[in-house]
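Shown next, in C-alpha cells, is the structure this report addresses.
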Amino acid sequence: MHWAVDAAQANAIVADIVKAHDAREVVKVKSMATQEIELNNALAEHGIDVWETDLAELIVQLGHDLPSHILVPAIHRNRSEIRDIFVREMGQVGRPAPDGIGDTPAELAEAARLHLREKFLRATVAVSGGNFAVADTGTVVVLESEGNGRMCLTLPKVLVTVLGIEKLVPTWADLEVFLQLLPRSSTAERMNPYTSLWTGVAPGDGPQEFHLILLDNGRTATLADPTGRQALRCIRCSAFTPQLRGINQHPVDEQTASLPFASSLCGACFEACPVRIDIPDVLVHLRAKVVEHKRGHLGAEGLALGLAARTFATPERLARAEKLAGWAGRLAGRRGRLRLRGPFWIKAWFGTRDLVAPPKESFRAWWRRTRS
Amino acid sequence: MKQVILDRIRAALADRPGPVAVPREYRRDLGGTDIVELFAERAADYRATVTRVSTVDIAGAVAGALRDRGARRIVVPAGFPDAWLAGADVEPLRDDPPLSYAALDAADGVVSGCAVAIALTGTIILDAGPAQGRRALTLLPDYHLCVVRTDQIVGSVPEALSRLDPTRPQTWISGPSATSDIELNRVEGVHGPRTLDILIL
C-alpha cells in the first residue's frame, strides 16, 4: 500500500517500483488518474518507456497526439489517418504493421493485437488505474472492452495500480449497483466485455507483486468544497458528453480552463448523469472561480460588463445611452436589424448573428412624450 | 502520508453527518423468468455461439465445436472433466507444470468451465476455480470454449456477487473482446480470445 498526496509523489512511487525491477518499460491500461498525474512524462524522465495498450490510446501515442475524449480518445482520427500512423510508427517502437495493411477497422485492430501482444508477453511491470475499489474486501475492479486490461492485469510479474481515493466504495454489495450502472451509462451495454476483479496477490496466478497507490492530488480539497464535492461521485461514464460534442475536436488538456464555459447550462447533462451530479451547478460554481481568479485583469468581456454596470447605475446615464443607441440604430440599421461586420472577435461572433437594431425611441422617452 | 490524507478527509467532512443506510430495494432476482433461456439469448446477442446440450451429448458437442474451429492444441485446466473431452481429437496442453506464455500464445484454444453465469447480462464469470485454472489460460489462446452448467446460472448481477468469493481473482466475460475506437465502428476481437463458444449443460 502506498499513499500519495500529489502527482509528484505518485509518479515517484511508480518510478521507484519500476527501477527496483530493472525494467526499462511498462505496459499501461488507459486510466484517467495516470493521465491526470502525467505519469508517462514522469517515467520518460527516468528513461522508462510507457506503452499505452488501449487501442485509442495507442493511436494517440503513436500519433504523438493528445486524447480528445475520455471514452473514445482517438475520435478525432479517421481510419486512413490511423492506418498511416500505424504504418509509419509501429516499426519504430516494436512489431511493424503488417505489409499492405488496409484501413478497415478489423485490419487496424489486428495490427494493434499483433503489435501489442509482443509487449504484453515481454513486460515485467504493468500500470493500471481502477474503476472501483472495495473497502471491506480490498478488491480492485477494472472494466474494459478490448482485453488489454486483462493482459496488463494478468501477465506481467509486477502490477502497480494508481487509484484516486474517490474510487472507493464501502462494501462488496455496492458493486451490485456500480457494475450495472457504469456499463449502461458509459457504452449503453448490458455489460462491458471484460471486467477484472482482484484482491491482492493470488499465488501462482497473475502478478506476484501488487502495489496499490491511493492518490489524493486535490481530491480532499474538492471534498471540502460543499458544492464541488459531488463531482467526486463521478464514475467517468461520459454519458454527459453528447451535450459537449462541440469541444471534442480539441485535446482534453487544452480544454481545462475553458471547460466550465463549454456548456449551455440547459441541464441535459444533469438528466444524463447516473450518479446525480448537478453538473450545471458545479459549472456555475467553477465559472465563478475562474472569474475570481481573473479579477483585476480586464478582458474585452470585463470591459463591456464594466461599461454596462456604469450605464445602468443612474436613470440619467441610461437615458443618454438609449438616445445614443437610437441614433446608432437609425444610422446603421436596415429593416430593423444591425449587421455588425468588423475585425477581431466581433467578426467571429457577429459574422453569423444579426443584432436587432435599437428602437428610435426608448419606452421611457415615449412615455414622457405622450403622457406628460 | 496515509495519516495526512485520512486527516484531510476527516477535516473535509466535518460538516457532514455520518454514513447513512443505503436503500437496496432494487431488483435482485428475475422472478418467474426462464433464466437459462435468457442467458442463452443474451450471451448470443454478444456474439458468443451458444448451444444447449444434455449430459449424454456433452463429449460430442465439445468435440464438434473444437473440430469446427480447427482447434487441436487445446489448453485444458485442472478439473476439466476428462469425460467432456473423450470424443475430441485434440492434443491437450495441461498446466502442470505451468505452461509458458509462449506455449499458451501458440495454443489453438482453451476449454473451461466457469464459476457463475448471469442471465440478464449474458456474462460468464471465471474465478480460477476447478476447470478454469489461472487467468492467463483463458486469456492468451484465441479461441475459448466455455461449458456452463445450468445450476451455475443466476438471474442478476446482485445474485452473482453474493455467490462469488471476493478473495479469488475474477474475470467477467460478456461476449468476445471488442473495440469501438476506430470511427466508432464495433470490431469484435482485439486482445482477448476472438471467438467464444458457450455450451450450456
Side-chain angles (χ1 to χ4, degrees), chain A residues 1 3-5 9 54-56 59 72 74-75 78-79 82 105-106 108-109 112-113 116-117 120-121 134 137 139 145-148 150-151 154-155 165 170 172-177 179-180 187 189-199 202 204-206 214 216 220-221 223-224 226 229, chain B residues 1-2 4-5 8-9 11-15 19 22 24 26 28 42 45-46 98 101-102 105 118 120-123 128 133-136 139-140 156-158 161-162 164 166-194:
Chain A
M1 278 300 312
W3 298 73
V5 295
Q9 281 187 6
D54 184 86
L55 180 53
I59 295 166
V72 271
I75 197 159
N78 66 35
R79 59 178 71 192
I82 295 169
L108 296 171
R113 178 186 173 95
L116 287 173
R117 185 152 294 216
F120 290 135
L121 295 176
V134 183
T137 62
T139 308
S145 295
E146 295 173 12
N148 60 311
R150 290 176 71 189
M151 292 281 177
T154 307
L155 300 182
I165 53 173
W172 180 251
D174 294 311
L175 293 180
E176 296 175 353
V177 175
L179 287 183
Q180 300 190 77
T187 50
E189 292 173 293
R190 287 187 286 265
M191 191 57 82
N192 51 294
Y194 295 137
T195 299
S196 297
L197 302 91
W198 72 98
T199 306
D205 184 351
L214 284 179
D216 180 346
T220 49
L223 191 63
R229 63 168 55 128
Chain B
M1 285 311 124
K2 175 182 177 179
V4 173
I5 294 176
R8 284 183 183 177
I9 293 172
L13 292 176
D15 65 322
V22 179
R24 302 212 183 264
Y26 47 80
R28 312 189 77 85
R42 294 283 160 92
D45 191 39
Y46 278 152
Y101 289 160
D105 194 32
I118 307 173
L120 198 61
T121 57
T123 303
R134 60 194 170 107
R135 285 169 284 174
L139 175 60
L140 286 171
S156 69
V157 170
L161 282 162
S162 61
L164 290 162
T167 62
R168 305 186 68 89
Q170 294 167 27
T171 306
W172 295 33
I173 300 170
S174 308
S177 79
T179 183
S180 298
D181 278 345
I182 300 167
E183 296 182 359
L184 299 177
N185 281 300
R186 189 173 168 94
V187 177
E188 307 283 340
V190 194
H191 300 296
R194 285 183 284 192

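Chain A is the first sequence line, chain B the second, and so forth, proteins listed ahead of strands; every chain is numbered from 1. Remember, it's a predicted structure, so these values are computed and weren't measured experimentally.
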Query raised in the report: Hey, are A:Asp216 and B:Lys2 close enough for a salt bridge, meaning a charged N less than 4.0 Å from a carboxylate O?
Result: no
**Report entry** Minimum heavy-atom distance A:Tyr194-B:Ile173, with the two atoms named
**Finding:** CE2-CG2, 3.8 Å
Query raised in the report: Based on non-hydrogen pairs under 4.5 Å, which of B:Gly192, B:Pro166, B:Ala136 is most in contact with chain A?
Result: B:Pro166
Query raised in the report: Given that the side chain runs from C-beta out, which part of B:Pro193 has a heavy atom under 4.5 Å from chain A: side chain, backbone, both or neither?
Result: both
Report task. Could you look at A:Glu189 and say if it's the side chain, the backbone, both or neither that has a heavy atom under 4.5 Å from chain B? Result -> both
Report task. Using non-hydrogen atoms and a 4.5 Å limit, figure out which bit of A:Ala202 sits close to chain B: side chain, backbone, both or neither. Result -> side chain
Query raised in the report: Side chains of A:Leu121 and B:Asp105: does their closest heavy-atom pair fall under 4.5 Å?
Result: yes
Query raised in the report: Hey, does A:Met151 have a side-chain heavy atom less than 4.5 Å from the side chain of B:Leu139?
Result: yes
Requested in this report: Measure A:Leu116 against the heavy atoms of chain B and call it side chain, backbone, both or neither at under 4.5 Å.
Outcome: side chain
Query raised in the report: Quick one: CG on A:Leu223 to CZ on B:Arg8, what's the gap to the nearest 0.5 Å?
Result: 11.5 Å
Query - Pairwise distance CD1(B:Ile9) to CD1(A:Ile165) - rounded to 0.5 angstrom - result: 4.0 Å
Query - Atom group of B:Thr123 that falls short of 4.5 Å from chain A, counting heavy atoms - result: side chain
Query raised in the report: If you round to the nearest 0.5 Å, how far is CH2 of A:Trp3 from CE of B:Met1?
Result: 12.0 Å
**Report entry** A:Thr154 portion near chain B, given a 4.5 angstrom heavy-atom threshold
**Finding:** both
Query raised in the report: Under a 4.5 Å heavy-atom cut-off, does chain B meet the side chain of A:Thr139, its backbone, both or neither?
Result: side chain
Query raised in the report: Going from CZ on A:Arg150 to CZ on B:Arg135, what distance comes out if it is rounded to the nearest 0.5 angstrom?
Result: 9.5 Å
Query raised in the report: Which one, B:Leu161, B:Thr171, B:Thr121, leads in non-hydrogen pairs under 4.5 Å with chain A?
Result: B:Leu161
**Report entry** Distance (rounded to the nearest 0.5 Å) between A:Met191 CE and B:Tyr46 OH
**Finding:** 8.0 Å
Query raised in the report: Do you know which of A:Leu175, A:Leu155, A:Asn148, A:Thr137 has the most heavy-atom pairs with chain B at a distance under 4.5 angstrom?
Result: A:Leu155
**Report entry** Test side-chain hydrogen bond (donor to acceptor under 3.5 Å, both in side chains) applied to A:Glu176 and B:Tyr26, step by step
**Finding:** CA-CA 9 Å; A:Glu176 296 175 353; B:Tyr26 47 80; 2.5 Å; yes
**Report entry** chain B contact via A:Ala4 - which portion, at a heavy-atom distance below 4.5 Å
**Finding:** backbone
**Report entry** Chi angles and distances behind the side chain to side chain contact (heavy atoms under 4.5 Å, CB included) call for A:Phe120, B:Leu140
**Finding:** CA-CA 10 Å; A:Phe120 290 135; B:Leu140 286 171; over 6 Å; no
Requested in this report: With a 4.5 Å cut-off on heavy-atom pairs, point out which of A:Met1, A:Glu146, A:Arg229 contacts chain B the most.
Outcome: A:Glu146
Query raised in the report: chain A heavy atoms under 4.5 Å from B:Arg24: which part of the residue, side chain, backbone, both or neither?
Result: side chain
**Report entry** Contacting moiety of A:Asp174, where chain B heavy atoms sit under 4.5 Å
**Finding:** both
Report summary line: chain B shares the most heavy-atom pairs under 4.5 Å, among A:Val177, A:Thr199, A:Leu108, A:Asp205, with A:Asp205
Query raised in the report: Which atoms form the tightest heavy-atom contact between B:Pro158 and A:Gln180, and what is the distance?
Result: CD-NE2, 3.6 Å
Requested in this report: Look up atom CD1 in B:Ile118 and atom CZ in A:Arg190, then write down how far apart they are to the nearest 0.5 Å.
Outcome: 12.5 Å
Report task. Considering only heavy atoms and a distance below 4.5 Å, find which of B:His191, B:Arg194, B:Arg28 pairs most often with chain A. Result -> B:His191
